[in-house]
Amino acid sequence: MSSNFIRDIIDEDLKNNKNSGRVHTRFPPEPNGYLHIGHAKAICINFGIAKDYNGKCNLRMDDTNPSKEDVEYVESIKEDIKWLGFEWTGPIYFASDYYEKLYEYAEKLIQTGKAFVCDLSADEMRAYRGTLTEPGKESPFRNRSIEENFSLFRKMRAGEFPDGAKTLRAKIDMTSPNINMRDPVIYRIMRSTHHRTGDQWCIYPMYDYAHPLSDYFEGITHSLCSLEFEDHRPLYNWVLEALLSEKLPRQIEFARLNINYTVMSKRKLLELVEKGYVDGWDDPRMPTLSGLRRRGYTPESIRTFQELIGVSKANSIVDFSLLEFAIREDLNKRAERRMTVIKPLKVVIENYPDNQIEWFEAENNPEDPNSEKRKIPFSKVVYIERDDFMENPPKKYFRLSPGSEVRLKYAYYITCKEVIKDNKGEITELRCIYDPQSRGGGTPDNRVVRGTLHWVSALHAKKTEVRLYDHLFNVSNPGENDKDYKDELNPISLVVLKDCLIEPSLAEAKPGQFYQFLRQGYFCADSKAAKEGLLVFNRTVTLKDTWAKIAASSRNKQS
RNA sequence: UGGGGCGUUGUCUAAUGGUAGGACGACAGAUUCUGGAUCUGUUUGUGAGGGUUCGACUCCUUCCGCCCCAGCCA
C-alpha cells in the first residue's frame with residue numbers, strides 16, 4: 001500500500017498520540033444516486049486507511065435532504081460497497097438518526113447566542129450575503145433575544161410556519177471573506193417526506209451543520225472529503241468548537257477522481273438515466289459501480305486502479321487506459337479462454353472428409369498452470385472472423401488471404417484457394433484446403449505460419465448476441481468550454497451484434513462470468529439479459545491490438 | 001478583481017535542502033500455436049523570473065496559469 005499525504009498526516013497524529021492512537025474514518029454518501037468510480041476512490045481511501053491502521057470505518061448515509069433521497073439508493077450503495085470488497089464497522093449510520101440530537105445541539109447554539117432565527121426570504125438572504133468581493137450585511141433579525149429565537153425555533157419544528165418562511169442561522173461574521181462563514185443557514189423548513197423519518201420532521205439540518213456533528217457523534221478522527229469542501233473547513237471547525245470542548249475530528253480534503261471520455265457528476269449521470277440516453281444506472285457504459293460490474297469489471301481491478309492513481313490535492317483527469325490496464329491485468333490471469341467468432345465468415349475445407357468430426361484439446365488458461373483443458377469440435381465447415389481475411393492484404397498482414405496459409409488454433413493449417421462472392425461483390429465464403437500433417441497445430445517440417453486464427457465449427461457453434469462498448473462520450477472532457485455534454489455523447493458507444501457464434505461450452509455461461517474471447521477481448525455474460533433467459537455477452541475491454549495500431553499508422557502515412 | 005486550493009514527462013504520482021524515481025502510454029527488440037501475455041531496452045518533466053545556499057522540485061520573493069466558493073444542495 002503506497003503512502004500519500006493523508007497517510008503522512010495520520011502517521012504524524014499517531015506519533016503525537018493524538019486521539020489516543022485511534023484511527024476512525026467514515027464514508028458518507030448521500031443516497032441520491034448510485035455510486036460511481038469516483039466514490040470508489042473515496043471508499044478505497046477511507047476503508048483502506050481504516051484497514052491498514054487497524055482502525056474503523058463507518059458507513060453513514062448523509063440523508064439530510066429528503067427531497068432528493070430514496071431507499072433505492074441506500075440499497076444500491078450497500079451492495080456496491082460490499083461488492084467492492086469492504087466492510088463497514090458496526091451498523092449503517094444515518095444522519096437522520098441524529099435529527100433529535102442535532103436539534104438539541106441547535107438549541108444549545110441558540111442558548112449561547114450563536115444562532116438565530118431569520119425571517120429573510122431566500123432572495124433577500126442572497127442580497128444580504130454580499131458578493132465575492134463585497135462583504136455582506138447583517139440580517140435585521142440577527143439580534144433577536146435568546147428567548148425569542150428559542151420559541152421561534154420550537155415553532156419552526158412544530159410546523160407553525162410555511163416552507164421557507166424562516167431559517168435558523170449560525171451567527172458568525174457577515175464580513176468574512178469566506179462566504180461560508182457569513183451567517184450560514186443551519187436549519188430550513190421543508191415539508192418533504194423523508195425516506196426514513198417520514199413526516200416526523202418539517203425542518204431539516206444543513207450539511208455544514210449535520211456533518212461535523214455526525215462525525216463527532218461517531219468518534220471519527222479523520223474526516224476525509226473532496227477538495228470543494230476545503231472552504232467549508234472553517235465552518236466545520238466552528239460548529240464543533242461552538243458546541244464541544246473535547247478532541248475533535250479533523251477534516252482533510254483530497255482531489256476527486258476524473259476520468260477522460262466520461263462524466264462523474266451525479267447530476268449528469270442522473271440526467272443520462274432519466275432521459276434515457278442509457279439503459280439505467282447499471283448500463284455497462286456508465287462509470288457507476290453497478291455499470292462497471294455489469295460490464296465485467298472486477299472489484300480487484302477497481303481497487304488496483306485506485307492504488308495506481310494515488311491520492312493528492314491536484315485536480316487531474318486520469319486516462320481511461322489506466323482503468324483498462326487494471327482490468328486486463330486482472331482478467332489475463334483469471335479469465336478462461338474461449339473461441340467466439342463475432343463477425344462470421346464461412347470457410348469450407350474442401351479436402352476434409354465430409355462427415356468427420358474431431359475433438360481438439362484447448363487450454364482454458366495458459367496463464368494458469370493449474371487450469372484444466374477442454375475439448376472443442378472441428379469439422380469440414382468452420383467460421384472465422386471476417387477481419388481475419390483480406391483479399392488484397394497490405395504488407396505485414398499475416399492473417400488469411402488468397403493463397404496464404406494460416407493456423408486454425410489447436411486444429412490444422414489451412415490455405416485459401418478460392419473466394420466466393422455474391423452478386424453484390426460481398427465475400428460469402430472461402431474455399432480452403434488443410435494439411436492433415438498439421439494436426440494439433442504444428443507440422444513435421446516446422447514450417448512457419450505467422451497467423452493463428454480462432455474459429456468455430458459450423459456444426460457445433462451456437463448463435464449469440466454480443467454487445468461491444470466504447471467510450472460513452474467522444475470527447476476527452478465532456479461539457480468543456482460551455483458545451484452541452486449531451487451533445488458529445490458517442491453515437492456508437494454501443495454496437496449490438498446478433499449473429500455471433502460461440503463454441504458449445506459457452507452456452508452454459510453463468511451471468512457475470514467473465515471470459516477471454518481469444519484474440520478479441522474480455523467479455524462477460526450479461527446479468528440483466530440472463531434474467532430474461534437470454535445469453536448475451538458484454539465486451540468488458542478489448543485485448544491490446546498491435547495490428548490495429550500498425551494498420552492505423554500506415555493508413556495515416558498514406559493519407 | 002475577496003477568500004481557499006493546485007502547478008513534476010502525453011497521463012497519474014514520488015522525491016519534504018543532497019543522483020528528479022515509479023506506473024500507465026508511446027517506441028524498439030526478444031519470445032510466442034492469442035498481432036494477447038511475458039521479457040529487455042529507449043524516450044520525454046520540476047509553469048516563469050529573481051533571490052538564499054556548496055547544493056533548490058523543496059526555502060524566500062514577484063509574476064503567470066488552472067480549479068473551487070455568492071443553494072434554504074451535498
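The basis for the numbers below is simple: all heavy atoms, side chains too, and nothing from hydrogens, waters or symmetry mates.
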[N] OP1/OP2 closer than 4.0 Å to side-chain N/O of [X]:
{"X": "A/Lys549", "N": "B/G25", "result": "no"}
{"X": "A/Thr546", "N": "B/G36", "result": "yes"}
{"X": "A/Lys544", "N": "B/G25", "result": "yes"}
{"X": "A/Arg407", "N": "B/U32", "result": "no"}
{"X": "A/Ser312", "N": "B/C6", "result": "no"}
{"X": "A/Arg126", "N": "B/G71", "result": "yes"}
{"X": "A/Arg328", "N": "B/G36", "result": "no"}
{"X": "A/Arg182", "N": "B/C69", "result": "no"}
{"X": "A/Arg188", "N": "B/A74", "result": "yes"}

Starting at atom [atom1] of [X], determine the distance to atom [atom2] of [N], rounded to an integer number of angstrom.
{"X": "A/Asn65", "N": "B/C72", "atom1": "CG", "atom2": "C1'", "result": "10 Å"}
{"X": "A/Leu132", "N": "B/C67", "atom1": "CG", "atom2": "P", "result": "15 Å"}
{"X": "A/Glu230", "N": "B/G4", "atom1": "CD", "atom2": "P", "result": "11 Å"}
{"X": "A/Glu367", "N": "B/A37", "atom1": "CD", "atom2": "P", "result": "9 Å"}
{"X": "A/Ile317", "N": "B/G10", "atom1": "CD1", "atom2": "C1'", "result": "13 Å"}
{"X": "A/Ile259", "N": "B/U13", "atom1": "CD1", "atom2": "P", "result": "13 Å"}
{"X": "A/Tyr187", "N": "B/A74", "atom1": "OH", "atom2": "P", "result": "12 Å"}
{"X": "A/Met174", "N": "B/G3", "atom1": "CE", "atom2": "P", "result": "18 Å"}

Options [options], nucleotide nearest the side-chain atoms of [X]:
{"X": "A/Thr452", "options": "B/A74, B/U34, B/A14", "answer": "B/U34"}
{"X": "A/Asn178", "options": "B/U34, B/G25, B/G3", "answer": "B/G3"}
{"X": "A/Phe229", "options": "B/G4, B/A74, B/C72", "answer": "B/A74"}
{"X": "A/Arg337", "options": "B/A74, B/G35, B/G36", "answer": "B/G36"}
{"X": "A/Ile179", "options": "B/C73, B/C69, B/G5", "answer": "B/C69"}
{"X": "A/Ile309", "options": "B/G5, B/C69, B/C12", "answer": "B/C12"}
{"X": "A/Asp231", "options": "B/U34, B/C72, B/G3", "answer": "B/G3"}
{"X": "A/Thr133", "options": "B/U1, B/C12, B/G5", "answer": "B/U1"}
{"X": "A/Ala314", "options": "B/C6, B/C12, B/A70", "answer": "B/C6"}
{"X": "A/Leu543", "options": "B/A74, B/U34, B/G3", "answer": "B/U34"}

Would you mind pulling out the nucleotide paired to [N], Watson-Crick or G-U wobble, both distances under 3.5 Å?
{"N": "B/G55", "answer": "none"}
{"N": "B/C6", "answer": "B/G65"}
{"N": "B/C27", "answer": "B/G41"}
{"N": "B/G21", "answer": "B/U13"}
{"N": "B/C73", "answer": "none"}

| In terms of heavy-atom contacts, does NZ of A/Lys313 have more than 12 from other residues, nucleotides or ligands at under 6.0 Å? | yes

| request: In plain terms, say whether A/Glu271 and A/Lys268 are close enough for a salt bridge, that is, a side-chain N and a carboxylate O under 4.0 Å apart. | output: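 No, A/Glu271 and A/Lys268 are not salt-bridged.
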
| field | Carboxylate-amine/guanidinium proximity below 4.0 Å for A/Asp119 and A/Arg144 | value | yes

Determine the Euclidean distance between corresponding [atom1] atoms of [M] and [N]; express it in Å to zero decimal places.
{"N": "B/C27", "M": "B/C69", "atom1": "C1'", "result": "45 Å"}
{"N": "B/U8", "M": "B/U34", "atom1": "C1'", "result": "39 Å"}
{"N": "B/A15", "M": "B/A28", "atom1": "P", "result": "34 Å"}
{"N": "B/G25", "M": "B/U38", "atom1": "P", "result": "10 Å"}
{"N": "B/U11", "M": "B/G45", "atom1": "P", "result": "13 Å"}
{"N": "B/G21", "M": "B/U16", "atom1": "C1'", "result": "15 Å"}
{"N": "B/G3", "M": "B/C73", "atom1": "P", "result": "28 Å"}
{"N": "B/A48", "M": "B/G65", "atom1": "P", "result": "15 Å"}

| query | Looking only at side chains, do A/His232 and A/Asp208 share a donor and an acceptor under 3.5 Å apart? | reply | yes

| request: Compute whether any side-chain donor of one residue and acceptor of the other, for A/Arg250 and A/Ser223, lie under 3.5 angstrom apart. | output: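 On atom types as modelled, these side chains do not qualify, holding no pair under 3.5 Å.
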
Mind checking [X] for me? I need base, sugar-phosphate or nothing, with any heavy atom below 4.0 Å counting as a touch.
{"X": "A/His232", "answer": "base"}
{"X": "A/Thr64", "answer": "sugar-phosphate"}
{"X": "A/Asn260", "answer": "nothing"}

| request: Kindly label the base of B/G22 as syn or anti, based on whether its glycosidic torsion lies within 90° of 0. | output: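 Judged by the O4'-C1' to base torsion, B/G22 sits in anti, the angle falling more than 90° away from 0.
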
| message | For A/Phe523 and A/Phe517, take the angle between the two ring planes, folded into 0 to 90°, and tell me which bin it lands in: parallel under 30, tilted 30 to 60, perpendicular over 60. | response | parallel

| task | Test the A/Arg334-A/Phe514 pair against the cation-pi criterion, namely NZ or CZ under 6.0 angstrom from the six-membered ring centroid and within 45° of the ring axis. | result | no

| Side chain A/Asn149, main chain A/Val117, donor-acceptor under 3.5 Å | yes

| query | Are A/Tyr412 and A/Tyr434 an aromatic pair by the rule of ring centers under 6.0 Å? | reply |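 A/Tyr412 vs A/Tyr434: aromatic centres under 6.0 Å.
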
| request: Determine whether any donor atom in the side chain of A/Arg519 lies under 3.5 Å from an acceptor atom in the base of B/G35, or the reverse, and answer yes or no. | output: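 No pair found.
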
| Aromatic stack A/Tyr207/B/A74: centroid gap under 5.5 Å, interplanar angle under 30° |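 One would not call A/Tyr207 stacked on the B/A74 base.
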
